[in-house]
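Let me give you the structure first, and then I'll get to my questions.
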Number of protein chains: 2
Amino acid sequence: MDQTPPPPAPFEGFACFSVYAAGLAFNRVYKRLLDRFGLTYPQYLVLVALRGTSGRTVGELGDALFLDSNTLTPMLKRMETTGLVARNRDSVDQRVVRVSLTEQGAQVAQELTCIPHDVTVASGMTPEALSALEASLNVLTQHLRNSA
Amino acid sequence: MDQTPPPPAPFEGFACFSVYAAGLAFNRVYKRLLDRFGLTYPQYLVLVALRGTSGRTVGELGDALFLDSNTLTPMLKRMETTGLVARNRDSVDQRVVRVSLTEQGAQVAQELTCIPHDVTVASGMTPEALSALEASLNVLTQHLRNSA
DNA sequence: TGCGATTAAGTCGGGTACGATATATATTGC
DNA sequence: GCAATATATATCGTACCCGACTTAATCGCA
């Protein structure tokens with residue numbers, strides 16, 4: 001009488017759902033890896049984006065991360081509070097805010113260099129397969145963004 | 001003197017970022033398509049998951065959507081408020097809440113059947129390419145989830 | 001039978017996302 | 001020179017997402 005219904009997976013054929021689910025799964029893996037740094041995944045991306053630069057504007061960060069100031073400003077303020085980044089008005093154009101790593105932020109960014117390797121291992125895929133997936137997703141993203 | 005820095009794209013080789021960016025892009029496309037129904041993307045997934053059933057538990061929905069009750073309960077309550085779903089305690093096991101489509105919810109779910117086609121068009125990819133991408137992402141997701 | 005362990009939902013707090021709007025600064029046109 | 005416009009951030013409200021915890025109901029087994 002074992003009449004358990006089939007596993008409820010009505011999303012076959014929904015590529016969007018596979019992207020969504022992979023995003024959730026990535027987020028959880030990153031959470032595990034980043035918790036000891038007190039970082040979230042988007043904050044990690046900000047540190048990576050700032051690494052090796054001295055002062056990107058909020059707008060440039062937004063272009064890199066596909067986010068707007070309504071998301072970035074509060075996040076950057078939190079990171080300022082935790083001492084990872086500094087926010088300063090551009091002296092020439094006072095509208096612009098330049099974000100740069102503090103010494104501590106640069107230190108943390110340095111310690112994060114092992115993360116990509118750990119994530120690759122967790123993904124269980126070869127670098128080549130990941131690379132192919134990445135290329136395919138980038139094409140998809142570009143199309144989706146152009147369709148607006 | 002046009003020394004604009006190269007486009008800030010320091011995320012090559014980060015498959016996670018491609019997944020993240022594709023998720024954001026999908027979300028925006030769906031927002032455009034779903035706004036006239038007053039639906040968000042996760043709410044859309046719930047309607048699809050409930051289509052053709054009469055009463056899934058919150059836990060079953062969570063298994064299907066990879067979400068927990070802390071996310072689903074408030075969302076389902078919102079959908080109850082907007083008249084799309086009904087929430088009822090199971091009469092046999094009072095711990096369980098069964099979620100089903102209302103008549104209006106079933107009606108809306110019916111009208112949503114054109115969405116996948118619209119999204120496929122927006123993706124600019126062939127169904128075959130999307131299918132391959134989906135399979136690859138599902139493997140990735142499974143690995144990431146197993147690595148916990 | 002009865003009570004501790006398990007399970008299903010719900011609550012709470014913090015952190016993204018994003019549409020709409022506000023504010024301040026810079027640029028343009030006349 | 002200065003008003004109209006454009007641009008860069010910031011603010012606000014709503015909705016996910018999740019870790020940690022709570023509450024209520026059921027189960028298991030001595």
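Values below: all heavy atoms of this structure, side chains included; hydrogens, waters and symmetry mates excluded. So you know, we letter chains A, B, ... as the sequences are listed, proteins then strands, and number each from 1.
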Round to the nearest Å and state the distance from A/Leu67 atom CG to D/dC16 atom P.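 Nearest whole value for this atom pair: 19 Å.
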
Touch class at under 4.0 angstrom, heavy-atom based, for B/Leu72 against every strand present: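 Nothing: the residue B/Leu72, judged by heavy atoms under 4.0 Å, touches no strand.
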
When we call it a touch if two heavy atoms are under 4.0 Å apart, what does B/Val92 touch: a base, just sugar-phosphate, or nothing?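 Touches sugar-phosphate only.
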
side-chain N/O B/Arg95 vs D/dT22 OP1/OP2, d < 4.0 Å: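 For D/dT22, neither OP1 nor OP2 has a side-chain N or O of B/Arg95 closer than 4.0 Å.
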
Once you round it to whole Å, what is the distance between P of D/dA20 and CG of B/Asn70?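 Between P of D/dA20 and CG of B/Asn70: 11 Å.
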
Quick one: pull up CG in B/Leu112 and OH in B/Tyr44 and give me the separation to the nearest 0.5 Å.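 One gets 6.5 Å once the value is rounded to the nearest 0.5 Å.
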
Minimum-distance nucleotide (side-chain atoms of B/Tyr20 versus C/dA17, C/dA9, D/dA10):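 Closest nucleotide to the B/Tyr20 side chain: C/dA17.
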
Examine A/Tyr20 together with B/Tyr41 and report whether their ring centres are nearer than 6.0 Å.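 Judged by ring-centre distance (under 6.0 Å), A/Tyr20 and B/Tyr41 do meet the cut-off.
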
Measuring from the side chain of B/Thr57 (C-beta onward, heavy atoms only), which nucleotide among C/dT6, C/dA20, C/dA9 has the closest atom?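 Between C/dT6, C/dA20, C/dA9, the one nearest the side chain of B/Thr57 would be C/dA9.
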
Does OP1 or OP2 of C/dA8 have a side-chain N or O of B/Ser69 closer than 4.0 Å?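 So the side-chain polar atoms of B/Ser69 never come under 4.0 Å of the phosphate oxygens OP1 or OP2 of C/dA8.
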
Among C/dT11, C/dG19, D/dT9, find the nucleotide with the atom closest to the side chain of B/Lys31.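 Minimum distance to the B/Lys31 side chain belongs to C/dG19.
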
Give the rounded distance in Å between these two atoms: CE of A/Met79 and P of C/dT16.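 Between P of C/dT16 and CE of A/Met79: 9 Å.
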
Any donor-acceptor pair under 3.5 Å linking the side-chain atoms of B/Glu103 with those of B/Gln107?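 No - no donor-acceptor pair under 3.5 Å links their side chains.
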
Is B/Leu130 linked to A/Val139 within one hydrophobic cluster, defined over Ile, Leu, Val, Met, Phe, Trp and Tyr using a side-chain heavy-atom separation of less than 4.5 Å?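 Different hydrophobic clusters.
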
Reading DNA chain C from 5' onward, which residue's closest nucleotide shows up sooner: A/Asn27 or A/Ser91?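 It is A/Asn27, whose closest nucleotide lies nearer the 5' terminus.
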
Can you measure A/Arg98 atom CZ to D/dA10 atom P for me and round it to whole angstrom units?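 Distance, rounded to whole Å: 13 Å.
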
Using whole Å, what does the distance between atom P of nucleotide D/dC18 and atom CG of B/Leu65 come to?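 The distance from CG of B/Leu65 to P of D/dC18 comes to 11 Å, rounded to the nearest Å.
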
Is B/Thr73 close enough to C/dA9 that one of its side-chain N or O atoms is under 4.0 Å from OP1 or OP2 there?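 Looking at the OP1 and OP2 atoms of C/dA9, neither is under 4.0 Å from any side-chain N or O of B/Thr73.
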
Rounded to the nearest 0.5 Å, what separates atom OG1 in B/Thr82 from atom CG in B/Leu39?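 Result: 7.5 Å between the selected atoms.
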
Between A/Met75 and A/Asp93, which is nearer to the 5' end of DNA chain C once each is assigned its nearest nucleotide?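 Nearer the 5' end of the strand: A/Met75.
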
Looking at every strand, decide which applies to B/Arg87 at a 4.0 Å heavy-atom threshold: base, sugar-phosphate, or nothing.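 Sugar-phosphate: the residue B/Arg87, judged by heavy atoms under 4.0 Å, touches backbone atoms but no base.
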
For B/Leu76 and D/dC17, what is the distance between atoms CG and P respectively, to the nearest whole Å?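 Distance check: B/Leu76 CG to D/dC17 P gives 12 Å.
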
Please report, rounded to the nearest Å, how far the C1' atom of C/dT16 is from the CG atom of A/Leu24.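 After rounding, the gap between these two atoms is 13 Å.
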
Could you tell me whether the side chain of B/Arg51 and the main chain of B/Ala106 form a donor-acceptor pair under 3.5 Å?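 Such a contact is absent between B/Arg51 side chain and B/Ala106 backbone.
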
Taking only N and O in the side chain of A/Arg78, is any of them less than 4.0 Å away from OP1 or OP2 of C/dG14?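 Checking C/dG14 against A/Arg78, no side-chain N or O comes under 4.0 Å of OP1 or OP2.
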
Does B/Asp68 make a side-chain donor-acceptor contact with the base of D/dG19, cut-off 3.5 Å?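 Check fails, no donor-acceptor contact within cut-off.
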
Starting at atom CG of B/Leu45, determine the distance to atom P of D/dC16, rounded to an integer number of angstrom.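 Nearest whole value for this atom pair: 11 Å.
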
Between B/Arg89 and D/dA24, does any side-chain N or O lie under 4.0 Å from OP1 or OP2?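 For D/dA24, neither OP1 nor OP2 has a side-chain N or O of B/Arg89 closer than 4.0 Å.
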
Would you say B/Lys77 reaches D/dC16's phosphate, i.e. side-chain N/O to OP1/OP2 under 4.0 Å?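 No, outside the criterion.
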
Could you pick out which residue, B/Thr40 or A/Val96, lies toward the 5' side of DNA chain D when each is mapped onto its nearest nucleotide?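 Per heavy-atom nearest nucleotide, the more 5' residue is A/Val96.
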
With sugar-phosphate meaning primed atoms plus P, OP1 and OP2, does A/Thr71 contact a base, only sugar-phosphate, or nothing at under 4.0 Å between heavy atoms?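 Result for A/Thr71 = base.
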
Quick one: is D/dC16 close enough that its OP1 or OP2 comes under 4.0 Å of any side-chain N or O from B/Gln43?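 Checking B/Gln43 against D/dC16: at least one side-chain N or O falls below 4.0 Å of OP1 or OP2.
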
Nearest to the side chain of A/Gln94, which nucleotide is it out of D/dC18, C/dA26, D/dC12?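 So the side chain of A/Gln94 is nearest to C/dA26.
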
Quick one: do A/Met125 and A/Val29 end up in the same hydrophobic cluster if we chain Ile, Leu, Val, Met, Phe, Trp and Tyr together by side-chain heavy atoms under 4.5 Å apart?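 Yes; A/Val29 is reachable from A/Met125 via cluster members.
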
